[in-house]
Amino acid sequence: MKIKQLKLLILEDLKADVELICRELRKAGFNFDFHSVDNKIDYLEAIKSESPDLVISDYGLPQYDGISAISDLQKINPDLPIIIVTGSLDEETAAQTIKSGAWDYVVKERLYRLPPAIEQALKRKEETDKKRRTEEKLRETESAFEGLRSNVPLALYRSTLDGYLLYANPSYLEMFGFEQLEQALEKPIRDYYVRPEEREALLDKLNEDGLVRNYEIELLRKDGSSFWGSFNIRTIFNSDGDHLFQDGIIADITELKKAREELIKAKEEAEKSDKLKTAFLANMSHEIRTPMNAIIGFSDLLGDPAFNREDVRDFTKNIQRNSETLLRIITDIIDVAKLEAGLLEVDRKWVDINDLVGDVYQSLLREFNDRIKNVEFKFRLETPNDTQVRTDPGRIEQIIRNLVGNAFKFTESGLVELACYIENDEIVIRVMDTGLGIPKEKQDVIFERFRQVDDSNTREFGGTGLGLTIAKSLVEKMGGRMWLESELYQGSTFYFSLPSKAKRHEREKKGLLQEKSAGEYNFKDRVILVAEDVDSNFLYVETILQPTGAKVIRAENGKVAVEMFDKQSKVDLILMDIQMPELNGYEATREIRKLDKQVPIIGQTAYALSTDRDKVLESGCNDYLKKPIRRNQLLDTIAKYLNGRK
């Protein structure tokens, strides 16, 4: 055998004998390291610390002997080979040495026998280790198999051909609700089947094929409850081909079947959702292109000299009305995207609910009375004066507009009523109509995304199918709830509530907002720097500011805006677009603030997230306008900073 590098432990009190042993081993070609000791204490310590491959021990030492060394070694490591080397050894002592546990012995006068004795000892050690490892592996395998059979979460059993158990593992007993194996052995297998005829079909297949795989059957437990089991059964034959018994495995697949059914349902829902989204995209294309067609068409007609001033006025109204429609569609798309991303938010502040709802009604009254002549639009206000609520006024207006718009859309003639009142300590806003009504089976789905009462491509009424979804989400964000009452052909009533936390205080009577013309604003001799890269956007701002007397200068990007402000001797206010090339509005504002801390800067952005306002103000802007910007909104904001600035 090929001998590896050895680690030897030599127990010998004479150094000369240690040298002789080492010389003999080197002469025989052994590669080894050795550790030499001459007493019991060092010897016992070295066995543990040095981890030797073999021990060579003198038989007789001054205060210790080889027999004791063998005995002590067996207590620590009985598998470690030990060879006794001695000056003289009679047969009786030699026999005692081997009997005590020595692997061999060598007389010092014949040290040439030591190398072959070591080789034999190491070979024997290797065989012993191999045998021990095999036995340990066998025991582990047997233990693992027994553990597997006992603990596997599968029912293992063996049964006779006429349907009685011969063996069942613990999982079988647990699966069927038995406490003892004897109880299971007494019960015929046919009694386990919810439908006994299924056992006959199972046996027919087993007799035909000799094997059954993944056969699903509903089974009964001892207490009468049922579960679904999946069978794998094999018939065992003797050498003559006779049937002996059947070995089977049963898996409880009840949860798997539920999951499978849920997966099928989820697949159907996904396919349904996919169809809805496809229909939604087709509808959205139609809804966007419809107002765009009017906007582009009437815009082309404005330049035709064949039309008079009255025609141009009508064209302008149509462009404005369709622009508002398009803006609402885009707002709905943005809101539903926020809803999908979990970013839909509300900005709460204290508002007078009477003023808020009243202003929205007046605005809608003008809007719908111009277009629908056969529907009466009423308003009932039953909340106490000066009732203040903490809510988002813009979102409240959005919700009311959506509900009133739907009411007018589905009411050809009759009544639409907006009401606000207190009920059960909640503020309730109600929109009632006498229109088409909603079938009972559709009253839940209309609040789902992309759903309408009529989802077909030939539906009579337009709309994105997003308004009610967004409205309901907004109401819930504000701590309220939304519900409806409707009868087909009898009309519908939509309600939404606001939390009851309200306060009363003296307020300043303000009435309805009155728009002012641009000529009523005086910004004469004021210089306004407009940082805007889009020509049409700059032209719009320049046109609005022209009647005010302001001097308007333009920077096509953020970098130019910084350079112009640095060189210009006087700039009274800056309108800063946020998304621009070269240097965006955030960066340009920060650079200008390094030059001037006081000049008013108003950020303008088409971004729609609620965090955009904070980002604009954090960059150094004094105020924030969200595109599309209304004329009076722009002029009022500028006036706020220029009227008191010299």
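FYI, the numbering just counts along the sequence from 1. Note that this is a predicted model, so its numbers are computed, not measured.
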Side chain Thr128, main chain Arg124, donor-acceptor under 3.5 Å: yes
Check whether any side-chain heavy atom of Ile399 sits under 4.5 Å from a side-chain heavy atom of Met482, and report yes or no.
yes
Using modelled atom types and a 3.5 Å cut-off, is there a donor and acceptor pairing between side-chain atoms of Asn424 and backbone atoms of Glu426?
no
Close side-chain approach of Leu203 to Gln246, heavy-atom, < 4.5 Å = yes
*asked:* Could you check, using the six-membered ring where one of them is a Trp, whether Phe176 and Phe227 have ring centers closer than 6.0 angstrom?
replied: yes
- Message: Are there over 12 heavy-atom neighbours, none belonging to Ile41, within less than 6.0 Å of that residue's CD1?
- Response: no
> Okay, side chain of Gln490, backbone of Gly437: is any donor-acceptor separation there less than 3.5 Å?
Replying inline: no
Review point. Would you call Lys477 and Asp392 a salt bridge, using N to O less than 4.0 angstrom?
Key: no
_Carboxylate-amine/guanidinium proximity below 4.0 Å for Asp53 and Lys125_ = no
Tested for side chain to side chain contact (heavy atoms under 4.5 Å, CB included) against Ile82, the lone hit among Asn77, Ile47, Leu73 is Leu73
Practice item. Give the ring-plane orientation class for Phe231 versus Tyr157, where under 30° counts as parallel, over 60° as perpendicular and anything between as tilted. Key: perpendicular
Check this for me: does any side-chain nitrogen of one of Lys258 and Glu261 sit under 4.0 Å from a carboxylate oxygen of the other? no
Minimal heavy-atom distance between Arg26 and Phe32, with the atoms involved, is CG-CE2, 3.7 Å
Which of Asp13, Leu14, Val37, Asn39 passes side chain to side chain contact (heavy atoms under 4.5 Å, CB included) with Leu61? It is Asp13
**Prompt:** Is it true that atom CD of Glu441 has more than 12 heavy atoms of other residues, nucleotides or ligands lying nearer than 6.0 Å?
**Reply:** yes
Check your understanding: Heavy-atom count around Arg23 CZ within 6.0 Å, excluding the residue itself: above 12?
Key -> no
Handout entry: Whether Asn402 side chain and Gln398 backbone form a donor-acceptor pair below 3.5 Å
Key = no
Margin query: Around atom CD of Glu92, are there more than 12 heavy atoms from other residues, nucleotides or ligands closer than 6.0 Å?
Written below: no
query = Does a side-chain N-to-carboxylate-O contact under 4.0 Å join Glu218 and Lys257?
reply = no
Side chain proximity check, Tyr172 to Leu165, heavy atoms < 4.5 angstrom
yes
Between Asn238 and Asp240 (side chain of the first, backbone of the second, donor and acceptor by atom type, cut-off under 3.5 Å), is there such a pair?
yes
The test is salt bridge (Lys or Arg N to Asp or Glu O under 4.0 Å); show your working for Arg132 and Glu136 and say whether it passes. CA-CA 6 Å; Arg132 186 185 69 254; Glu136 288 175 353; 3.7 Å; yes
Check whether any side-chain heavy atom of Ile21 lies under 4.5 Å from a side-chain heavy atom of Ile56, and answer yes or no. yes
Quick check against the 3.5 Å criterion: does Gln74 have a side-chain atom that pairs as donor or acceptor with the backbone of Ser100? yes
How far apart are the C-alpha atoms of Lys131 and Glu127, what are their side-chain angles, what is the distance that settles it, and do they pass the salt bridge (Lys or Arg N to Asp or Glu O under 4.0 Å) test? CA-CA 6 Å; Lys131 180 181 178 182; Glu127 292 173 350; over 6 Å; no
(message) Please check: side-chain N/O of Thr493 versus main-chain N/O of Ser486, any donor-acceptor pairing under 3.5 Å?
(response) no
Exercise for the section: Using modelled atom types only, decide if a donor and an acceptor are shared between the side chain of Thr86 and the backbone of Tyr59 within a distance under 3.5 Å. Expected result: no
Does Lys130 pair with Glu126 as a salt bridge, N-O distance under 4.0 Å? no
Contact check, side chains of Leu25 and Ile118, non-hydrogen atoms, under 4.5 Å = yes
Under 3.5 Å, side chain of Lys205 to main-chain N/O of Val212, donor-acceptor pair present?
-> no
- prompt: Are more than 12 heavy atoms from other residues, nucleotides or ligands located less than 6.0 Å from atom CZ of Arg110?
  reply: no
